2 protein chains.
Amino acid sequence: MITEQSLINRINDAFPFLHHADPIFVRYFFLRAQRVTLDAGQQICSQGAECGSLALLLDGRARVYKLGENGREITLYRLGVGESCILTASCILSHVPFPAYAVSETDVEAIVVSVADVKRWMGESEAWREYLFGLISGRFADVISMVEEVAFRRVDRRIAALLLKRSTESGDGIAVTHQEIASDLGSSREVVSRILKDFETTGHIKVGRGYVRLLDIPWLQAKSGEGGLV
Amino acid sequence: MITEQSLINRINDAFPFLHHADPIFVRYFFLRAQRVTLDAGQQICSQGAECGSLALLLDGRARVYKLGENGREITLYRLGVGESCILTASCILSHVPFPAYAVSETDVEAIVVSVADVKRWMGESEAWREYLFGLISGRFADVISMVEEVAFRRVDRRIAALLLKRSTESGDGIAVTHQEIASDLGSSREVVSRILKDFETTGHIKVGRGYVRLLDIPWLQAKSGEGGLV
DNA sequence: ATGGCTGTGTGACTATGTCACATACACCCC
DNA sequence: GGGGTGTATGTGACATAGTCACACAGCCAT
């Protein structure tokens, strides 16, 4: 149950669908929801687990990933503020176990609602339905894009794209290890190291322990295929 | 509009959710739905297209696949009787373009409902909601498994699994070309040919033009990882 | 029998992943 | 400052998968 006004304001800001939801739903939402916090690095869900509740992220970031039989990992998607772990919703609504792992990458603050409420509100609130369905559709499309990338796209191009994406948040100096890149892309650390070294040898980036500095954004854009000219 | 009793019976058989749906929804369903047929090999949806209606399969089979920039293909999933193209539903409900291609592998008979009805019934019928959500969840899990396979699983094991799966429908004689296997798995024809030749050289299958005969099911099960002993 | 079309086999080469080390770097403690 | 530890990175050898370019085989129609 959430009663504190400043928290209610933050939630309203983070989840705009509440603005146009019917007031009865909104009242029950705040009545039934609970606030939780997680430290960075905490395992949120494990593959095969049952889903007991649905979390809506208020602050922080979580990563959902698959773990391969060879020990390598691939990130399916990341959750930020205003988002919900749609695999959990899917799991709740269809009674299948959670098919991946989820971990908090930063300290996380979330709003948690129970299985029963998730289901009830699906029938009662169009705003809630559209919110969840919008998230599912987005994630479904993301995962399908990932199949395409993994099956058909060269790793060097995927690394270039990842570096560019990271640079939008942190500028051209990126704190990242080769293993992190490998774990995001489902590749191996050695392959990532070699490709980064190649990028460095040709002068397009500079690498150091745990960081990468981008020196040639246009080249990386072309490399990733985003510039439109390959 | 569907009025013919034998067709109504077939639809009720194919879509059991109608049995426990409320009668008002069922009445409107048959009022609004339309029957369509497609010849084998027809393109149903193309990547980037808008989705105008949702099809529920009454007979036949359809394949949904991604086409890579290198011209290779990978099958995301197949639809059979009683199923709906959940990418279309997703596309309808979130206004994003269709993210793959869909083709009828056999002659197809389907029930088609419009965008507006899909959306309206989502709010009105719990049975409809659960039907669609059950399909979405299943497909979501399928696609996530595919990410894992493509990223982490060796092609030979995937071929063994595909052969076993095909054999459940057609016995140990499978009519399939190497290119079809490659297109299902997102691999190349040459790689498939080599692996099949290896399987043949060691006596586990026999290959001919357009067919594969399985000679050693236990070995293939072990190879695919399904037998539990690798 | 001949021709056309399509499926398959194969060699050479490139890209990516695995394994096994070796080396480097950052940090902490004495 | 020196030493130790833990972890990140570099690298060589080799295996697996994909690309390119042909050559060959099989099937069907004329």
Side-chain angles (χ1 to χ4, degrees), chain A residues 41 66-74 147-163 173-202 205-213 223-225 230, chain B residues 41 66-74 147-163 173-202 205-213 223-225 230:
Chain A
K66 278 295 262 187
L67 180 60
E69 62 195 12
N70 50 16
R72 284 165 37 217
E73 297 178 5
I74 184 165
V147 169
E148 181 180 1
E149 276 197 33
V150 173
F152 301 133
R153 206 149 174 246
R154 292 175 47 137
V155 175
D156 58 351
R157 299 180 61 170
R158 294 171 63 209
I159 290 176
L162 182 150
L163 293 177
I174 302 162
V176 68
T177 64
H178 300 185
Q179 181 59 59
E180 279 167 16
I181 294 175
S183 295
D184 255 15
L185 300 182
S187 184
S188 70
R189 194 274 304 163
E190 293 92 337
V191 169
V192 170
S193 295
R194 285 192 168 104
I195 288 169
L196 289 180
K197 190 63 180 283
D198 289 343
F199 285 4
E200 184 180 49
T201 300
T202 51
I205 64 170
K206 179 173 169 48
V207 296
R209 183 178 164 122
Y211 88 90
V212 179
R213 178 164 300 279
K223 186 72 186 175
S224 73
V230 185
Chain B
K66 277 295 262 185
L67 180 59
E69 62 195 13
N70 50 17
R72 283 163 40 214
E73 296 178 5
I74 184 165
V147 169
E148 180 179 5
E149 275 197 32
V150 174
F152 301 133
R153 207 151 173 244
R154 293 175 47 138
V155 176
D156 56 354
R157 299 181 63 172
R158 294 171 64 209
I159 290 176
L162 181 150
L163 294 177
I174 302 161
V176 67
T177 64
H178 301 185
Q179 182 59 60
E180 278 167 17
I181 294 174
S183 294
D184 255 16
L185 299 183
S187 186
S188 68
R189 194 275 303 163
E190 293 92 337
V191 168
V192 171
S193 295
R194 286 192 167 105
I195 288 168
L196 288 180
K197 189 65 179 282
D198 289 344
F199 285 5
E200 184 181 48
T201 300
T202 51
I205 65 170
K206 179 173 169 51
V207 296
R209 181 177 166 126
Y211 88 91
V212 178
R213 179 165 298 281
K223 186 70 183 174
S224 72
V230 186

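It should be emphasised that the depicted structure is a prediction, and the values quoted were computed from it without experimental measurement.
- The distance between atom CG of B:L196 and atom C1' of C:dT10, rounded to the nearest whole Å, is 15 Å.
- Phosphate proximity of D:dA17 to B:S187: absent, as no side-chain N or O sits under 4.0 Å from OP1 or OP2.
- To the nearest 0.5 Å, the span separating CZ on A:R153 from CD on A:E148 amounts to 8.5 Å.
- Atom pair B:F152:CZ and C:dT18:C1' shows a separation of 14 Å (rounding to whole Å applied).
- Between B:S193 and A:I195, it is B:S193 whose nearest contact on DNA chain C lies nearer the 5' terminus.
- Atom-to-atom, CD1 of B:I74 to C1' of D:dA17 comes out at 14 Å; the value is rounded to the nearest Å.
- Residue B:R189 places none of its side-chain N or O atoms closer than 4.0 Å to OP1 or OP2 of C:dT6.
- The side chain of B:N70 places an N or O atom within less than 4.0 Å of a non-bridging phosphate oxygen (OP1 or OP2) of D:dT19.
- Taking atom CZ of A:R157 as the reference point, atom C1' of C:dT14 lies 16 Å away to the nearest angstrom.
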Evaluation steps, side-chain contact (heavy atoms from CB on, under 4.5 Å), between B:D198 and B:D156: CA-CA 10 Å; B:D198 289 344; B:D156 56 354; over 6 Å; no
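- The distance from atom CZ of B:R153 to atom P of C:dG17 is 17 Å, rounded to the nearest whole Å.
- For D:dT16, the OP1/OP2 oxygens have a side-chain nitrogen or oxygen of B:R154 closer than 4.0 Å.
- Using a 4.0 Å heavy-atom criterion, one finds that A:V155 contacts the sugar-phosphate atoms exclusively.
- Taking atom CD of A:E69 as the reference point, atom C1' of C:dG17 lies 14 Å away to the nearest angstrom.
- OP1 or OP2 of D:dT16 has not a single side-chain nitrogen or oxygen of B:R194 nearer than 4.0 Å.
- Of the side-chain N and O atoms in B:H178, one or more sit less than 4.0 angstrom from OP1 or OP2 of C:dG9.
- The CD-C1' distance, from B:Q179 to D:dG18, rounds to 13 Å in whole Å.
- Comparing A:A151 and A:E190 by the nucleotide of DNA chain D whose heavy atom lies nearest to each, the residue mapping closer to the 5' end is A:E190.
- Between B:K197 atom NZ and D:dA17 atom P there is a gap of 18 Å when expressed in whole angstrom units.
- Judged purely by atom type and a 3.5 angstrom limit, A:R72 has no side-chain atom pairing as donor or acceptor with the backbone of A:A182.
- Listed for the B:R189 side chain is no donor-acceptor partner under 3.5 Å among the backbone atoms of B:T177.
- Side-chain contact between A:K66 and A:E73 is absent, with no heavy-atom pair separated by less than 4.5 Å.
- Here A:S188 lies in heavy-atom contact (under 4.0 Å) with a base.
- Mapping A:D156 and A:R209 onto DNA chain C by nearest heavy atom places A:D156 at the nucleotide closer to the 5' end.
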